[in-house]
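Following: one structure in C-alpha coordinates, then a few remarks.
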Amino acid sequence: MNYWLMKSEPEAFGIDDLERVRLEPWDGIRNYQARNFIRDRMQPGDLALFYHSNANPTGIAGIMNIAGPPRPDPTAFDPEAKYYDPKSQPENPRWYLVDVRFKRKLRRIITLAELRACPELSNMQLLRKGNRLSIMPIEENHWRTILDLE
DNA sequence: GCCAACGTTGGC
DNA sequence: GCCAACGTTGGC
(Lines give C-alpha, C1' and ligand atoms only; values in the text may rest on other atoms or scores of the structure.)
Protein backbone atom coordinates (compact mmCIF):
# COMPACT_ATOMS: atom_id res chain seq x y z
CA MET A 1 0.00 0.00 0.00
CA ASN A 2 1.20 3.49 -0.86
CA TYR A 3 0.77 6.87 0.77
CA TRP A 4 0.15 10.04 -1.19
CA LEU A 5 -0.42 13.75 -0.90
CA MET A 6 -2.86 15.42 -3.26
CA LYS A 7 -3.34 19.16 -3.56
CA SER A 8 -6.49 21.07 -4.31
CA GLU A 9 -7.53 24.65 -3.89
CA PRO A 10 -10.39 24.56 -1.38
CA GLU A 11 -12.11 27.39 -3.19
CA ALA A 12 -12.48 25.02 -6.14
CA PHE A 13 -12.81 21.74 -4.26
CA GLY A 14 -11.91 21.27 -0.60
CA ILE A 15 -12.20 18.64 2.10
CA ASP A 16 -15.74 19.80 2.96
CA ASP A 17 -16.79 19.23 -0.62
CA LEU A 18 -15.35 15.74 -0.54
CA GLU A 19 -17.09 15.04 2.75
CA ARG A 20 -20.37 15.99 1.13
CA VAL A 21 -19.99 14.02 -2.09
CA ARG A 22 -17.97 11.18 -0.49
CA LEU A 23 -16.58 9.98 -3.83
CA GLU A 24 -14.93 12.19 -6.43
CA PRO A 25 -13.00 11.68 -9.65
CA TRP A 26 -9.71 13.54 -9.14
CA ASP A 27 -9.63 14.97 -12.64
CA GLY A 28 -7.72 17.73 -14.37
CA ILE A 29 -4.18 16.53 -13.63
CA ARG A 30 -2.10 17.80 -16.57
CA ASN A 31 1.43 17.27 -15.38
CA TYR A 32 3.40 14.25 -16.58
CA GLN A 33 5.12 13.46 -13.32
CA ALA A 34 1.81 13.54 -11.45
CA ARG A 35 0.19 11.56 -14.28
CA ASN A 36 2.83 8.86 -13.96
CA PHE A 37 2.24 8.52 -10.23
CA ILE A 38 -1.48 8.11 -10.87
CA ARG A 39 -1.25 5.80 -13.85
CA ASP A 40 1.67 3.64 -12.78
CA ARG A 41 1.65 3.51 -9.02
CA MET A 42 -1.70 4.35 -7.49
CA GLN A 43 -3.77 1.41 -6.32
CA PRO A 44 -7.18 1.03 -4.72
CA GLY A 45 -6.72 1.07 -0.96
CA ASP A 46 -3.85 3.54 -0.99
CA LEU A 47 -4.25 6.44 1.44
CA ALA A 48 -3.82 10.09 0.59
CA LEU A 49 -3.54 13.35 2.48
CA PHE A 50 -5.87 16.06 1.21
CA TYR A 51 -3.80 19.23 1.01
CA HIS A 52 -5.36 22.67 0.71
CA SER A 53 -3.23 24.87 -1.52
CA ASN A 54 -3.71 28.60 -2.05
CA ALA A 55 -5.73 28.63 1.13
CA ASN A 56 -5.92 30.26 4.50
CA PRO A 57 -4.46 28.42 6.15
CA THR A 58 -2.69 26.25 3.66
CA GLY A 59 -2.02 22.73 4.87
CA ILE A 60 -3.32 19.22 5.34
CA ALA A 61 -7.05 19.08 5.87
CA GLY A 62 -8.04 15.44 5.73
CA ILE A 63 -7.49 11.88 4.66
CA MET A 64 -8.98 10.00 1.75
CA ASN A 65 -8.44 6.70 0.10
CA ILE A 66 -7.96 5.70 -3.46
CA ALA A 67 -11.27 4.12 -4.36
CA GLY A 68 -10.58 2.54 -7.70
CA PRO A 69 -7.93 1.77 -10.29
CA PRO A 70 -6.48 4.54 -12.45
CA ARG A 71 -8.55 5.29 -15.54
CA PRO A 72 -8.38 7.74 -18.44
CA ASP A 73 -9.49 11.26 -17.48
CA PRO A 74 -12.67 11.84 -19.50
CA THR A 75 -12.42 15.64 -19.13
CA ALA A 76 -9.43 15.55 -21.48
CA PHE A 77 -11.73 14.32 -24.25
CA ASP A 78 -14.43 16.96 -23.71
CA PRO A 79 -14.01 20.14 -25.81
CA GLU A 80 -16.26 21.97 -23.35
CA ALA A 81 -14.15 21.02 -20.35
CA LYS A 82 -11.66 23.37 -18.77
CA TYR A 83 -8.86 20.84 -19.04
CA TYR A 84 -9.67 19.63 -22.55
CA ASP A 85 -6.61 18.33 -24.36
CA PRO A 86 -7.12 17.53 -28.05
CA LYS A 87 -3.93 15.49 -28.00
CA SER A 88 -5.52 12.99 -25.64
CA GLN A 89 -7.54 10.45 -27.60
CA PRO A 90 -9.82 7.78 -26.12
CA GLU A 91 -7.86 5.11 -27.98
CA ASN A 92 -4.60 6.56 -26.66
CA PRO A 93 -5.31 8.52 -23.48
CA ARG A 94 -2.71 10.95 -22.28
CA TRP A 95 -4.21 11.84 -18.89
CA TYR A 96 -5.43 9.66 -16.07
CA LEU A 97 -7.36 10.04 -12.85
CA VAL A 98 -8.32 8.03 -9.81
CA ASP A 99 -11.53 8.16 -7.85
CA VAL A 100 -10.98 9.18 -4.24
CA ARG A 101 -13.21 8.50 -1.26
CA PHE A 102 -13.59 10.64 1.85
CA LYS A 103 -12.12 9.01 4.93
CA ARG A 104 -12.01 11.74 7.54
CA LYS A 105 -11.31 15.37 8.22
CA LEU A 106 -8.43 16.17 10.49
CA ARG A 107 -9.47 17.69 13.80
CA ARG A 108 -7.62 20.78 12.60
CA ILE A 109 -5.57 21.84 9.61
CA ILE A 110 -1.94 20.86 9.92
CA THR A 111 -0.41 23.95 8.40
CA LEU A 112 2.46 24.19 6.00
CA ALA A 113 4.33 26.22 8.61
CA GLU A 114 4.03 23.35 11.09
CA LEU A 115 5.30 20.87 8.54
CA ARG A 116 8.27 23.10 7.84
CA ALA A 117 8.96 23.40 11.54
CA CYS A 118 9.14 19.63 12.00
CA PRO A 119 12.74 18.40 11.64
CA GLU A 120 11.71 14.84 10.75
CA LEU A 121 9.95 16.14 7.65
CA SER A 122 12.71 18.37 6.36
CA ASN A 123 13.45 16.21 3.31
CA MET A 124 9.84 15.85 2.20
CA GLN A 125 9.27 16.64 -1.46
CA LEU A 126 6.42 18.97 -0.53
CA LEU A 127 8.75 21.22 1.42
CA ARG A 128 11.43 21.54 -1.22
CA LYS A 129 11.91 24.93 -2.74
CA GLY A 130 9.95 25.53 -5.89
CA ASN A 131 7.92 22.36 -5.53
CA ARG A 132 4.78 22.57 -7.63
CA LEU A 133 3.83 18.96 -7.97
CA SER A 134 0.17 18.46 -7.12
CA ILE A 135 0.42 14.71 -6.46
CA MET A 136 3.36 13.13 -4.73
CA PRO A 137 4.21 10.02 -2.73
CA ILE A 138 4.68 10.25 1.04
CA GLU A 139 7.03 7.95 2.88
CA GLU A 140 5.43 5.83 5.56
CA ASN A 141 7.52 7.33 8.36
CA HIS A 142 6.58 10.82 7.17
CA TRP A 143 2.94 9.83 7.07
CA ARG A 144 3.07 8.77 10.71
CA THR A 145 5.01 11.85 11.74
CA ILE A 146 2.48 14.13 10.05
CA LEU A 147 -0.53 12.49 11.65
CA ASP A 148 1.18 12.58 15.05
CA LEU A 149 1.11 16.36 14.69
CA GLU A 150 -2.67 16.30 14.71
C1' DG B 1 -1.98 41.07 -6.37
C1' DC B 2 2.93 39.97 -6.54
C1' DC B 3 6.42 37.15 -7.87
C1' DA B 4 9.71 33.07 -7.80
C1' DA B 5 10.12 28.72 -9.66
C1' DC B 6 8.96 25.53 -12.99
C1' DG B 7 7.03 23.24 -17.12
C1' DT B 8 5.79 23.67 -21.92
C1' DT B 9 5.94 25.44 -26.51
C1' DG B 10 7.86 26.59 -30.71
C1' DG B 11 11.31 28.99 -33.70
C1' DC B 12 15.67 28.20 -35.31
C1' DG C 1 18.95 20.23 -29.24
C1' DC C 2 18.94 24.99 -27.53
C1' DC C 3 16.66 28.52 -25.40
C1' DA C 4 13.53 32.59 -25.08
C1' DA C 5 8.87 33.44 -24.34
C1' DC C 6 4.99 32.29 -22.16
C1' DG C 7 1.71 30.09 -18.95
C1' DT C 8 0.88 28.00 -14.45
C1' DT C 9 1.43 26.97 -9.62
C1' DG C 10 1.22 28.30 -5.15
C1' DG C 11 3.19 30.83 -1.05
C1' DC C 12 2.81 35.09 0.86
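Below, chains carry the letters A, B, ... as their sequence lines are ordered, and counting in each starts from 1. Just so it is clear, the values below take in all heavy atoms, side chains as well, and ignore hydrogens, waters and symmetry mates. On a predicted model such as this, the values are computed, not experimentally measured, just so you know.
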Residues touching DNA chain B, which here means a heavy atom under 4.0 Å, drawn from residues 110-124 of chain A: none

Name every donor-acceptor pair, under 3.5 Å, that has one atom in a side chain of residues 130-139 of chain A and the other anywhere in the protein, sequence neighbours excluded.
{"unit_1": "A/N131", "atom_1": "OD1", "unit_2": "A/L133", "atom_2": "N", "d": "3.4"}

Would you call the rings of A/F13 and A/W26 parallel, tilted or perpendicular, where under 30° means parallel and over 60° means perpendicular? perpendicular

Hey, is A/E150 close enough to A/R104 for a salt bridge, meaning N to O under 4.0 Å? yes

Applying a strict under-4.5 Å side-chain criterion to I, L, V, M, F, W and Y, I'd like to know whether A/I109 and A/L18 cluster together. no

Report the residue (A/N131 or A/K87) whose heavy-atom-nearest nucleotide on DNA chain B is the more 5′ of the two. A/N131

Going 5' to 3' on DNA chain B, which nucleotide is the first and which the last to come under 4.0 Å of a heavy atom in chain A? B/dA5 to B/dT9

What pair of heavy atoms forms the shortest contact from [X] to [Y], and how long is it?
| X | Y | result |
| --- | --- | --- |
| A/M1 | A/G45 | SD-O, 3.4 Å |
| A/T58 | A/S53 | OG1-CA, 3.9 Å |
| A/I15 | A/I63 | CD1-N, 4.5 Å |

Aromatic ring centroids of A/W95 and A/Y32 under 6.0 Å? yes

Five pairs at each end of the helix from B/dG1-C/dC12 to B/dC12-C/dG1: take the axis at both ends and give me the angle between them to 10°. 10°

Within residues 46-64 of chain A: residues closer than 4.0 Å to DNA chain C (heavy atoms): A/Y51, A/S53, A/N54, A/T58

Are A/L149 and A/L115 close enough, and set up right, to give a side-chain contact (heavy atoms from CB on, under 4.5 Å), and what steps lead you there? CA-CA 9 Å; A/L149 293 174; A/L115 298 176; 4.1 Å; yes

Salt bridge (Lys or Arg N to Asp or Glu O under 4.0 Å) pairs touching residues 66-84 of chain A, sequence neighbours excluded, are A/R30-A/D73, A/R71-A/D99

Counting only N and O atoms by type, is there a donor-acceptor contact under 3.5 Å from the side chain of A/R128 to the main-chain atoms of A/N123? yes

